Every structure is written in C-alpha cells, then in structure tokens.
Student: 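Can you keep this structure in mind? I'll have questions shortly.
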Amino acid sequence: DTGVSQDPRHKITKRGQNVTFRCDPISEHNRLYWYRQTLGQGPEFLTYFQNEAQLEKSRLLSDRFSAERPKGSFSTLEIQRTEQGDSAMYLCASSWGLAGDSNTGELFFGEGSRLTVL
Amino acid sequence: AQTVTQSQPEMSVQEAETVTLSCTYDTSENNYYLFWYKQPPSRQMILVIRQEAYKQQNATENRFSVNFQKAAKSFSLKISDSQLGDTAMYFCAFMKLYNDMRFGAGTRLTVKP
C-alpha cells in the first residue's frame with residue numbers, strides 16, 4: 001500500500017461549475033476524513049466516515065458540499081456551484097477507528113487536491 | 001468544542017540550535033490525544049510526535065520532544081539540533097478518543113544555515 005492517494009492533485013474551474021475529488025485511503029483503515037486548508041492556515045475539519053457511515057459533518061460543509069463513501073473504501077467530495085471562496089487545498093486522511101493497540105489516533109494524510117475557482 | 005491555539009505564526013532558528021514551539025488547547029475531556037504534525041512546503045502532512053493525555057511522561061522521538069502540561073492545557077514541541085530539513089509548517093492537533101482531529105493555525109519554522 002502506498003498510502004492515501006487523492007485525485008486530481010490540481011483542479012481549476014470556473015465559478016458555478018461542479019467539481020468532485022476522490023480519496024483512496026490506506027486499505028486497512030476504516031476511518032476517512034476530509035479537511036480544507038487555505039493558504040497559511042491549519043486544516044479545518046469538514047467531515048469523517050467510519051466505514052460507509054458519515055459520523056460527523058462540520059457546519060463548514062454547506063448544502064453545496066456532499067461527501068460519500070459508498071462501499072467503505074474510497075470517498076468522494078463534491079462541491080456544487082463552486083464559489084471563489086471554495087478555493088483551497090482539500091485534504092483527505094485515513095486512520096484506524098477502533099480501540100486497540102493498532103489505534104494510535106494518528107491520521108495519515110494524502111497530498112491534497114488543490115482547487116482554484118476563477 | 002475543542003480549540004487549539006498556536007500563538008507563534010513564525011519562528012526561526014539557527015542550524016544545530018534548539019527551538020520550542022508553543023501550543024495550548026481547550027477541552028473539558030479527560031482522555032484525548034495530542035499531536036504535532038509537520039507540513040514541508042508543497043508536501044503532505046506527516047506525524048512528528050504524539051502524546052496520550054493519560055500518560056504523564058512526555059513523549060520523545062529522536063530530536064523531537066514535548067512538554068505536556070495537562071493542568072495548564074499546554075503542549076509544546078522542542079526540536080533539538082535543528083536541521084535544514086526541519087523547515088516546515090508545524091501544526092498542533094487535538095483529538096478526542098476515536099473522534100475527529102482539530103488543528104491549530106500553525107507555526108512556520110525556518111531553519112537558517
């Protein structure tokens with residue numbers, strides 16, 4: 001396993017268009033997280049899944065944002081009717097979500113998908 | 001809600017010297033994890049060091065160590081023998097057990113030759 005992968009790495013779109021990002025977590029991890037990071041800031045939590053269940057959503061995740069993890073493996077984050085304020089790096093991370101020695105709490109991050117909305 | 005505060009937006013240190021990055025957090029939880037993550041320029045976040053709140057002993061990882069003060073809700077990172085490769089953004093993070101992780105705004109560290 002090569003770690004968490006995200007696609008695409010860069011996306012430039014016009015305001016009003018829809019975009020979708022994909023995240024493939026580390027295969028044995030059952031938790032998957034989405035964060036948004038703007039330049040010079042820390043990652044802001046958006047949502048996370050345990051297997052296919054979406055357990056928590058931030059109020060940052062407006063109605064234009066939707067995330068899915070249909071089979072408990074990869075996840076998609078869709079942004080509809082993009083706005084310039086959506087320009088950011090979208091980070092995906094995965095981890096063990098169960099108690100036990102294998103759960104150190106550590107999140108393993110992908111390299112991110114950078115969105116630019118013109 | 002948990003908040004994480006990093007009060008030093010930028011810091012610099014000479015190569016081979018020691019630097020300490022500060023972090024405070026606010027929570028009503030008793031059991032939790034604390035982390036320091038490193039984000040080199042244009043590269044992914046990687047874990048530097050972690051600390052379980054129930055452990056009184058401060059975590060160490062080679063040149064990296066923490067000063068965990070639970071009562072004061074303080075979690076600072078000390079980097080000894082700084083190297084040029086330590087130049088990066090450093091994020092302090094808090095996690096309730098088996099929950100989501102919240103990050104501070106980060107400290108940009110520059111190691112000067």
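Please read these numbers as outputs of a predicted model, since none were measured by experiment. To find a chain, count down the sequence lines: A is the first, B the second, and so on, and within it residues start at 1.
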Student: On the 0 to 90° scale, with breaks at 30° and 60°, tag the A:Phe65-A:Tyr90 ring pair as parallel, tilted or perpendicular.
Tutor: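 Tilted, since the angle between the ring planes falls between 30° and 60°.
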
Student: Do the numbers put B:Arg108 on top of the ring of B:Tyr90, so that NZ or CZ is under 6.0 Å from the six-membered ring centre and no more than 45° off the axis?
Tutor: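 No, cation not above the ring by the 6.0 Å, 45° rule.
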
Student: By a 4.5 Å heavy-atom criterion (distance strictly below it), what part of B:Gln39 contacts chain A: side chain, backbone, both, or neither?
Tutor: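 When you check distances to chain A, only side chain atoms of B:Gln39 fall under 4.5 Å.
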
Student: Are there more than 12 heavy atoms of other residues, nucleotides or ligands under 6.0 Å from atom CZ of B:Arg63?
Tutor: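 Yes - once you tally the heavy atoms of other residues, nucleotides and ligands closer than 6.0 Å, there are more than 12.
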
Student: Begin with the C-alpha distance, continue with both residues' side-chain angles, and end with the deciding distance and a verdict on side-chain hydrogen bond (donor to acceptor under 3.5 Å, both in side chains) for A:Gln80 and A:Arg64.
Tutor: CA-CA 5 Å; A:Gln80 296 181 327; A:Arg64 298 184 298 105; over 6 Å; no

Student: Going by residue number, which parts of residues 107-118 of chain A are within reach of chain B, meaning a heavy-atom gap below 4.5 Å?
Tutor: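 Near chain B, by residue number: A:Leu107, A:Phe109, A:Gly110, A:Glu111.
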
Student: What class does the angle between the rings of A:Tyr35 and A:Tyr33 fall in, given that below 30° is parallel, 30 to 60° is tilted and above 60° is perpendicular?
Tutor: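 Correct class here is parallel.
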
Student: Measure A:Glu44 against the heavy atoms of chain B and call it side chain, backbone, both or neither at under 4.5 Å.
Tutor: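 It is neither, since no heavy atom gets under 4.5 Å.
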
Student: Can you see which heavy atom on B:Phe91 is nearest to which on A:Gly42, and at what distance?
Tutor: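 In this case the closest contact between B:Phe91 and A:Gly42 is CE2-CA, 3.2 Å.
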
Student: Would you indicate whether B:Lys70, at its atom NZ, is surrounded by more than 12 heavy atoms from other residues, nucleotides or ligands within a distance under 6.0 Å?
Tutor: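 Yes, the 6.0 Å shell around NZ holds more than 12 heavy atoms from other groups.
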
